[in-house]
> 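First the structure, which I've put down as structure tokens, then a few questions once you've had a look.
Letters go in sequence order (proteins before strands), and every chain restarts at 1.
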Amino acid sequence: MTKNLQARAPWIVAAIVLVVLPLQLNSYWVGTITQWMPLAIAALGLNLLTGYNGQISVGHGALYGAGAYTTALLITNWRWGFLGAILGASVVCFFIGVLIGLPALRIKGLYLALVTLAVATLFPQILEMFSKTTGGSTGLSITSPQIYRGSLREKPVRFLPPEGSGLATDQWKYYFFLAITLVCFILVRNLVKSRFGRSLVAIRDNEVAAAVSGVNVASAKVITFGVSSALAGIGGGLAALANDQPRIASGSFTIETSLYFLVAVVVGGAASIIGPAIGAIAYGLFLNVLTPELPEDLKASTPLILGGLLIVLMLTEPGGIVGLWRRLSAAVRRKRHRHSDRAGHKKPETIVETTGGNQ
Amino acid sequence: MQRTEDLSLLEVNDIEVRFGGLIALGGLSFSLEEGGICSLIGPNGAGKTTLFNVVSRLYQPSSGSVTFAGRDLLALPAHKIASNGIARTFQNLALVPGLSVLDNVMIGAHPRTRGGVWAAASWFPLRSQETRTRTRALEVLERLDLDRFAAARCAGLPYGTLKRIELARSLMSDPRLLLLDEPASGLTHSEVDELASVITSIRDEFSMTVLLVEHHMGMVMSVSDSIVVMELGRKIAEGTPQEIQSNARVIAAYLGEPEEATS
Ligand SMILES: Nc1ncnc2c1ncn2[C@@H]1O[C@H](COP(=O)(O)OP(=O)(O)OP(=O)(O)O)[C@@H](O)[C@H]1O
Ligand SMILES: [Mg+2]
């Protein structure tokens with residue numbers, strides 16, 4: 001029981017920090033962190049597919065876009081609520097993901113990457129093709145009928161906080177995003193630690209072992225593609241709503257978006273639950289905090305700098321930030337063992353139990 | 001005549017497997033009675049592993065049939081074999097390096113457990129099943145003297161230990177037929193003796209039938225109720241250990257030299 005609590009303590013602290021944060025920060029930061037959350041969810045989805053199941057997708061930017069457009073159209077044209085529209089987007093993207101996952105059964109590794117790359121490249125063009133509905137590169141404004149100066153008009157949707165909550169619009173939006181983000185992370189965590197999660201890793205590492213143990217490899221792969229895409233869709237749906245005057249355009253969902261998710265997964269740490277979130281934050285910090293500080297003539301080469309950092313990280317720590325953290329904490333624990341052994345006071349087991357509290 | 005056929009658990013009938021021009025199994029037939037330990041022996045390349053791969057549905061034979069407990073195995077996909085009561089280990093190990101030893105063993109319970117993505121993601125519906133699976137896996141690990149490795153990763157563990165982990169995984173599905181592909185390879189002499197007694201005792205505990213592929217003749221002779229001898233993709237002899245040891249054709253084909261080569 002106490003051990004359980006100690007293991008969970010960092011998560012509880014993190015949750016409290018996330019809840020208190022918007023009450024302490026100015027609206028710029030509240031807005032910025034709100035914008036990171038959709039990225040984290042999409043990276044979480046990609047990590048489930050690539051990190052845990054070993055299927056590479058360079059096309060998650062397209063699914064992110066599909067989620068964004070589904071959400072936008074459901075809200076603007078069908079008058080759905082935010083939550084309903086985002087759930088709708090996740091369902092639509094689940095099925096798109098299954099459709100992409102089916103051919104992925106026959107192709108693997110580099111070939112799968114190329115096919116998903118094609119999906120990512122074609123997506124903006126598909127949006128252009130249906131520019132009547134999607135608004136093409138001009139974009140689409142997400143609106144709802146609102147009373148404005150005494151008459152009902154189509155106005156950009158807003159996150160109106162419940163009356164009496166005392167929250168500002170941006171804080172309310174932050175909490176809405178946070179709730180969805182936390183639910184996604186908890187669901188994926190459960191999934192990964194389940195029978196299904198074990199079979200995902202088994203398929204990644206040894207398909208024969210998985211099949212012989214009774215895992216239906218094909219269906220697990222397709223379902224994983226669907227679930228991963230559904231998460232990308234939820235992220236995309238939130239991303240569509242992230243700005244003050246929500247608006248989406250085909251230019252926001254290019255191949256670059258797909259690559260950002262891969263970067264977030266790799267930087268944070270593949271095949272770990274919290275890795276994609278850390279990766280998304282690291283990426284956000286780089287983009288929103290570090291880049292504005294750079295001298296003007298360096299700004300154009302930020303992708304280059306990012307690429308360079310990525311390569312360095314891959315070479316020094318393939319497990320990403322989470323891998324680095326695990327290695328360091330394991331080293332610290334070993335050192336403590338040695339100390340306590342020399343002192344001869346405590347048995348190693350008791351030390352292990354108390355490290356959580358000391359950190 | 002009909003009766004004996006009905007009683008046999010596994011029926012391999014005229015199976016042929018080719019790899020290009022090479023005939024790995026050339027019309028292999030034999031049947032396996034329920035309840036004993038049967039060894040499948042033969043020189044390298046005789047087709048023993050190929051037969052296991054046919055029964056596991058990893059290789060598709062070009063002709064022939066395989067029935068298990070009256071069911072046509074060749075009509076099933078590979079992932080349905082375990083739930084039909086056949087488990088196996090591999091000559092060259094098929095473990096999952098990305099999972100802990102405990103999780104590797106828990107995977108073996110896959111055919112005995114239920115639950116889709118949504119149930120797994122919401123955690124609650126599957127929690128008691130998960131606890132049961134974990135408890136069972138720990139029991140099996142303890143039974144095979146592996147409990148101290150439960151939390152470890154497979155990487156870096158000794159070969160013999162990894163083979164036993166695979167054995168533990170295969171037991172998790174409560175198989176009716178267990179296929180063991182060279183479980184004694186890489187073990188020391190005393191480990192081989194121990195393995196032999198483990199195999200006979202788990203056979204009783206789990207009331208399974210065991211089909212054992214093994215080059216270690218000492219072990220084969222001591223644990224087997226019956227022996228099938230293969231050469232070049234065909235059965236060349238069949239009988240009790242005593243009969244096999246005195247079979248001139250077997251001695252010529254096999255028993256003569258590899259005895260020294262294995263130890
Ligand atoms: N996937 C494959 N592709 C091509 N040839 C194969 C394949 N699998 C087996 N063979 C060939 O089939 C023949 C039988 O191989 P198999 O592995 O069944 O022999 P075995 O009896 O298990 O031998 P050993 O005692 O060495 O394990 C060999 O000649 C082998 O090279
Ligand atoms: Mg073999």
Side-chain angles (χ1 to χ4, degrees), chain A residues 44-45 48 51-54 90-91 94 97-98 183-231 270-273 319 326 330 349 352, chain B residues 52-53 55-58 77-90 92-100 102-127 129-130 133-134 137 153-155 166 169-170 172-173 175 179:
Chain A
L44 174 76
L48 187 68
Y52 284 94
N53 198 214
S90 76
V91 172
F94 176 85
V98 166
V183 167
C184 288
F185 272 80
I186 290 169
L187 289 178
V188 172
R189 178 209 164 267
N190 292 343
L191 194 62
V192 161
K193 291 197 178 275
S194 73
R195 164 182 189 272
F196 186 79
R198 284 190 292 273
S199 55
L200 288 191
V201 178
I203 290 169
R204 179 195 69 192
D205 287 354
N206 194 330
E207 268 190 32
V208 166
V212 165
S213 305
V215 176
N216 186 340
V217 173
S219 94
K221 278 180 149 184
V222 171
I223 288 173
T224 307
F225 224 116
V227 173
S228 168
S229 305
L231 287 161
S272 77
I273 290 298
R326 281 185 188 152
E349 290 91 58
V352 173
Chain B
F52 274 21
N53 286 336
V55 173
S56 310
R57 296 293 287 121
L58 298 174
H79 68 267
K80 287 274 169 65
I81 297 301
S83 58
N84 274 279
I86 303 179
R88 73 172 283 186
T89 65
F90 289 82
N92 298 314
L93 296 172
L95 286 162
V96 183
L99 292 175
S100 69
L102 178 63
D103 280 333
N104 264 285
V105 175
M106 284 173 80
I107 287 217
H110 204 88
R112 295 246 162 255
T113 50
R114 293 282 155 266
V117 179
W118 187 245
S122 42
W123 173 75
F124 195 77
L126 299 185
R127 74 193 195 293
Q129 171 181 280
E130 184 76 6
T133 309
R134 172 163 294 117
R153 295 273 161 145
C154 297
E166 255 201 354
R169 178 180 72 194
S170 67
M172 284 297 286
S173 63
L179 312 174

> Which heavy-atom pair separates B/Glu130 from A/Lys193 by the least distance, and what is that distance?
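Looks like OE2-O, 3.5 Å.
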> Side chain, backbone, both or neither: which part of A/Val215 has a non-hydrogen atom closer than 4.5 Å to chain B?
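Looking at A/Val215, backbone and side chain both touch chain B.
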> Name the region of A/Arg189, side chain, backbone, both or neither, that has any atom closer than 4.5 Å to a heavy atom of chain B.
neither
> Could you check whether any side-chain heavy atom of A/Val212 comes within less than 4.5 Å of a side-chain heavy atom of B/Ile81, counting everything from C-beta outward?
no
> Does any pair with a residue in residues 211-226 of chain A pass salt bridge (charged side-chain N to carboxylate O under 4.0 Å, His left out), and if so which ones, sequence neighbours excluded?
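Non-adjacent pairs meeting salt bridge (charged side-chain N to carboxylate O under 4.0 Å, His left out): A/Glu207-A/Lys221.
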> Please list, chain by chain and in numerical order, all residues satisfying side chain to side chain contact (heavy atoms under 4.5 Å, CB included) with A/Ile186, sequence neighbours excluded.
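If we apply the side chain to side chain contact (heavy atoms under 4.5 Å, CB included) test to A/Ile186, skipping adjacent residues, the hits are A/Asn190.
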> Let's test your reading of the structure: which of A/Ser213, A/Ala209, A/Ser194 forms the most heavy-atom pairs below 4.5 Å with chain B?
A/Ser213
> Please lay out, stage by stage, how B/Phe90 and A/Val208 fare under the test side-chain contact (heavy atoms from CB on, under 4.5 Å).
CA-CA 10 Å; B/Phe90 289 82; A/Val208 166; 3.6 Å; yes
> For B/Arg127, is it the side chain, the backbone, both, or neither that has a heavy atom closer than 4.5 Å to a heavy atom of chain A?
neither
> With only heavy atoms counted, which part of B/Ile107 is less than 4.5 Å from chain A, the side chain, the backbone, both or neither?
both
> Which answer fits A/Asn206, side chain, backbone, both or neither, if we ask what part of it has an atom under 4.5 Å from a heavy atom of chain B?
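Only the side chain of A/Asn206 comes within 4.5 Å of chain B.
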> Measure across A/Leu191 and B/Ala120 and return the closest heavy-atom pair with its distance rounded to 0.1 Å.
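Result for this residue pair: CD1-CB, 3.7 Å.
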